[in-house]
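The chains referred to below are lettered A, B, ... by the order of the sequence lines, with proteins before strands, and numbering in each begins at 1. Computed from heavy atoms alone, side chains included, the values below leave out hydrogens, waters and symmetry copies.
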Amino acid sequence: MSDTPSPANAPDTPAAANFVRDLVRADNQQGTFGGRVQTRFPPEPNGYLHIGHAKAICVDFGIAEEFGGVCKLRFDDTNPVTEETEYVDAIADDVRWLGFEPGEPLYASDYFEQLYLWAEHLIITGFAYVDDQDSDTISVQRGGYGKPGIESPHRNRSVDENLALFRRMRSGELPDGSHVLRAKADMQHDNMQLRDPIMYRIRHEHHHRTGDQWVLYPTYDWAHGQSDAIEGVTHSLCSLEFDSHRALYDWYLEHLPLPGDQPRQTEFARLELTYTVTSKRKLRQLIDDGVVEGWDDPRLPTLRALRRRGYPVSAIRNFCEFIGVAKTNSRHEIELLEWFIRNELNRTALRRMAVLQPIKLVVSNWPQGHVERIELVNNPENPADGVRTVEFNGEVWIEDDDFKAEPPPKYFRLTPGSEVRLRGAFFVKCTGFTTDADGNVTEVQCTYDPATRGGNAPDGRKVKATIHWVSTAHAVPVQAALYERLFAAEVPGERTGDPFDDIRPNSKVVRAGVAEAALGEVAPGQVVQFERLGYFAKDPAGDNLFHRTVGLKDEWANVQKRTK
RNA sequence: UCCGGGGUCGUUCAAUGGUAGGACAGCGGGUUUUGGUCCCGCAUAUAGGGGUUCGAGCCCUCUCCCCGGAACCA
């Protein structure tokens, strides 16, 4: 472990064993990179970061931090048609939100000139050539799995001819798709990546940073390892699908006069979650189709959405540390993430009472006009959070769910004749109820026991339920956005191939409710617990809109499920 | 079809030739002024065959299954 002080948001979960950590430690012991550790987080600026990136960020930055090295944010901006500046700032902002310092971002596009020079070097040393066949032809010549490729008729152009053509490619006089630069590797290789891969393509496109300076753009494979080498990266950590690219990563590096040590690529499994999609394309489609309201819609797994929804950074980081790093393709249950969220919020969130589906409860024997001031603890898990006062005047809103005229089995709450505790106030006993023309309960009548003030009976009698309430005379309005999972299937799209077939209708429901007066003091972005309902984050834009971060564990729901 | 990477409780991560363990989920119980939290307990796993070894989840071998790979995407 590093002996630098932990940042405020550092996980408190003990560092678990994982193979990347072991590998870096072994490198340090053997002096592979002179004890140096440098990693990078290399997103393409073509979308917002999501929970899957959070894991990558935690691994990339975390490993560097742990071994006293550095991790830099580098934008892999080699494809001008998909990338936008809009995302650059947002990505750096999200990294910072996670509690890591990305520093001044780096860009692969800053290395275009060096890359170009190295490409000429490969041409001169006989390891690259210009091909002017079309992409279909090249594709066919590549062969297939178990079938060797055949060499391009242009594979053995002279160095001079290659150089001249390559310079014309750069000059802009040649049209898109007419020529490519290819590595001269091995058309018979079992690994298709080594069958003379494309290094450069011509694109007359405006680049978000280099503008119209280039028409020649490097491919990912040609840019990535070289960028790592230029920056002095030692451990290039990436996801599993690049496994078969590693041979090419190494091939390029071995054929170049590098300024320092040759970086090494190591692959690990990306984070997948049940009931969630993380592909940028699908996320974008959800937005474009209007299924959700934007990149920060709390139903999305984007970091912007999770932030708005009230997910604490520390919980996200604890989760990422806890799940570890492995090479197994896996999909974690979203319940585990939610457990980390609750675990954190249970310790930190202040308790408040809010009623989201109000029905009126009237205490018939309450002294006319009398108001009791009742003290409630802000957080039973943290006495330092102190107390607050709520007022009680014998007429309150209670949750529709907390009264049943005909109780199901094991129902502990209010029913005709039953006695419950109004949190912090009194025991009340149900004496009757009123319904409207459709049979819906509109009002519940009770009597209270004055001896139970504060919620304890001097005679020692117990109640089986405590319910929350809001004084009708002191209520403030609250809007609560309740979110269910966006998808109804653990693996969206598994059934039909299209995740959109598994979209759950009504994944967002907004309720207009009431809350105790103290809710008005909650700051934008702050998360509080609505007692017995869940954790809710006040929308950053203010007003009185709250997003449900996550519900409380609901044993009653399990009971109902079991008795069904 | 060829190459590569994987396969341990329901899920996921450990165990690095020496008692298969944790967490979440589930189930049961206790505490409780949140059917929350907390506490205690229960059940469930080394894909299969052969081999090496005193001893194998781990090493060898064969088989099976899953994932990735033939963009001028990353």
Side-chain angles (χ1 to χ4, degrees), chain A residues 13 16-19 22 42-44 46 76-79 81-83 131 134-135 138-149 176-182 189-195 197-203 217 219-221 223-224 238-247 267 269 274 280 322-340 342-343 346-347 351 353 376-377 380-381 410-413 421-425 427 452 454-456 462-468 490 529-534 551-559 562:
Chain A
T13 301
N18 75 53
F19 81 96
D22 293 347
E44 187 186 10
N46 66 348
D76 240 335
D77 55 351
T78 58
N79 186 351
V81 305
T82 58
E83 294 146 9
D131 201 341
D134 61 51
S135 91
I138 291 174
S139 174
V140 169
Q141 288 172 352
R142 272 225 166 83
Y145 303 141
K147 279 179 297 225
D176 288 7
S178 62
H179 296 69
V180 290
L181 185 72
R182 290 229 256 167
H189 204 105
D190 285 332
N191 182 344
M192 300 290 292
Q193 306 300 331
L194 272 305
R195 318 250 262 228
I198 275 85
M199 296 168 62
Y200 277 104
R201 69 282 214 195
I202 300 172
R203 290 250 209 283
Y217 289 100
T219 55
Y220 164 86
D221 288 298
H224 203 93
C238 64
S239 46
L240 252 26
E241 70 267 29
F242 292 103
D243 175 288
S244 59
H245 293 242
R246 192 176 57 247
E267 311 84 26
T274 54
K280 274 182 212 166
F322 183 82
I323 60 174
V325 181
K327 296 198 76 149
T328 322
N329 274 306
S330 59
R331 186 178 297 269
H332 284 79
E333 291 177 336
I334 189 103
E335 288 85 350
L336 180 61
L337 207 212
E338 290 174 343
W339 181 86
F340 274 90
R342 289 193 191 101
N343 185 49
N346 178 50
R347 292 203 303 261
R351 271 58 168 175
M353 294 199 289
L376 287 173
V377 298
E381 304 296 320
K410 306 234 174 110
Y411 187 80
F412 300 152
R413 284 109 95 154
R421 174 188 296 111
L422 292 179
R423 179 94 210 231
F427 284 11
T452 58
N456 276 313
K462 304 283 187 200
V463 289
K464 293 188 91 172
T466 299
I467 66 176
H468 61 279
E490 269 197 21
Q529 183 192 112
F530 290 177
E531 290 225 31
R532 302 209 302 132
L533 296 177
L552 261 22
K553 193 176 159 204
D554 190 353
E555 184 54 28
W556 171 233
N558 281 351
V559 170
R562 282 198 295 272

Worksheet item: Where along nucleotides 64-74 of chain B does protein come under 4.0 Å, by heavy atom, of base (B) or sugar-phosphate alone (S), with - for untouched nucleotides?
Response: ---SSBBSBSB
Worksheet item: With the sugar-phosphate defined as primed atoms, P, OP1 and OP2, and the base as all remaining atoms, what B/S/- string results for nucleotides 34-40 of chain B, 5' to 3', for protein heavy atoms under 4.0 Å?
Response: BBBB---
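Residue A:V325 is classed as a sugar-phosphate contact, given heavy-atom separations below 4.0 Å to backbone atoms only. Here A:N456 lies in heavy-atom contact (under 4.0 Å) with a base.
Atoms CZ (A:R331) and C1' (B:C24) sit 17 Å apart, rounded to a whole Å. Regarding A:L337, its CG atom lies at a distance of 14 Å from the C1' atom of B:U11, rounded to whole Å. The interatomic distance linking A:D22 (CG) with B:A14 (C1') rounds to 11 Å, in whole Å. The CD1-P distance, from A:I323 to B:U11, rounds to 17 Å in whole Å. Following rounding to the nearest Å, A:N18 (CG) and B:C13 (P) show an atom-to-atom distance of 11 Å. Atoms CD (A:E333) and P (B:C24) sit 12 Å apart, rounded to a whole Å.
Side-chain atoms of A:R342 come within 3.5 Å of backbone atoms of A:G551 as a donor-acceptor pair (strictly under, hydrogens ignored). Looking only at distances, no side-chain donor or acceptor of A:R532 sits under 3.5 Å from a matching main-chain atom of A:M353. Side-chain atoms of A:N191 come within 3.5 Å of backbone N or O of A:S244 as a donor-acceptor pair.
The separation of B:C3 from B:A14, taken at their P atoms, amounts to 28 Å, rounded to a whole angstrom. Between the C1' atoms of B:G55 and B:C38, the separation comes to 42 Å (whole Å). Taking atom C1' in both B:C42 and B:G48, one finds a spacing of 30 Å when rounded to whole Å. Comparing B:G29 with B:G21, their P atoms sit 26 Å apart, to the nearest whole Å. As rounded to the nearest Å, B:G10 and B:C27 have C1' atoms that lie 13 Å from one another. On the P atoms, B:C59 is 37 Å away from B:A74, given to the nearest whole Å. Spacing of C1' atoms, B:A71 relative to B:U16, comes out at 40 Å, to the nearest Å. If you take atom P in B:A56 and the same atom in B:U46, they sit 16 Å apart, rounded to whole Å.
Ring-plane geometry between A:Y220 and A:H224 is classed as tilted, the angle between the planes lying from 30 to 60 degrees on a 0 to 90 degree scale.
The pair A:R562-A:E555 counts as a salt bridge, with a side-chain nitrogen and a carboxylate oxygen less than 4.0 angstrom apart.
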Item to complete: Output, in order, the C-alpha distance, side-chain angles, deciding distance and verdict of side-chain contact (heavy atoms from CB on, under 4.5 Å) for A:I198 and A:I138.
Response: CA-CA 10 Å; A:I198 275 85; A:I138 291 174; 4.2 Å; yes
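For A:F427, there are no ring-ring contact (aromatic ring centres under 6.0 Å, His included) partners, not counting sequence neighbours.
One distance of note links CG of A:L194 with NE2 of A:H245; it measures 11.0 Å at 0.5 Å rounding.
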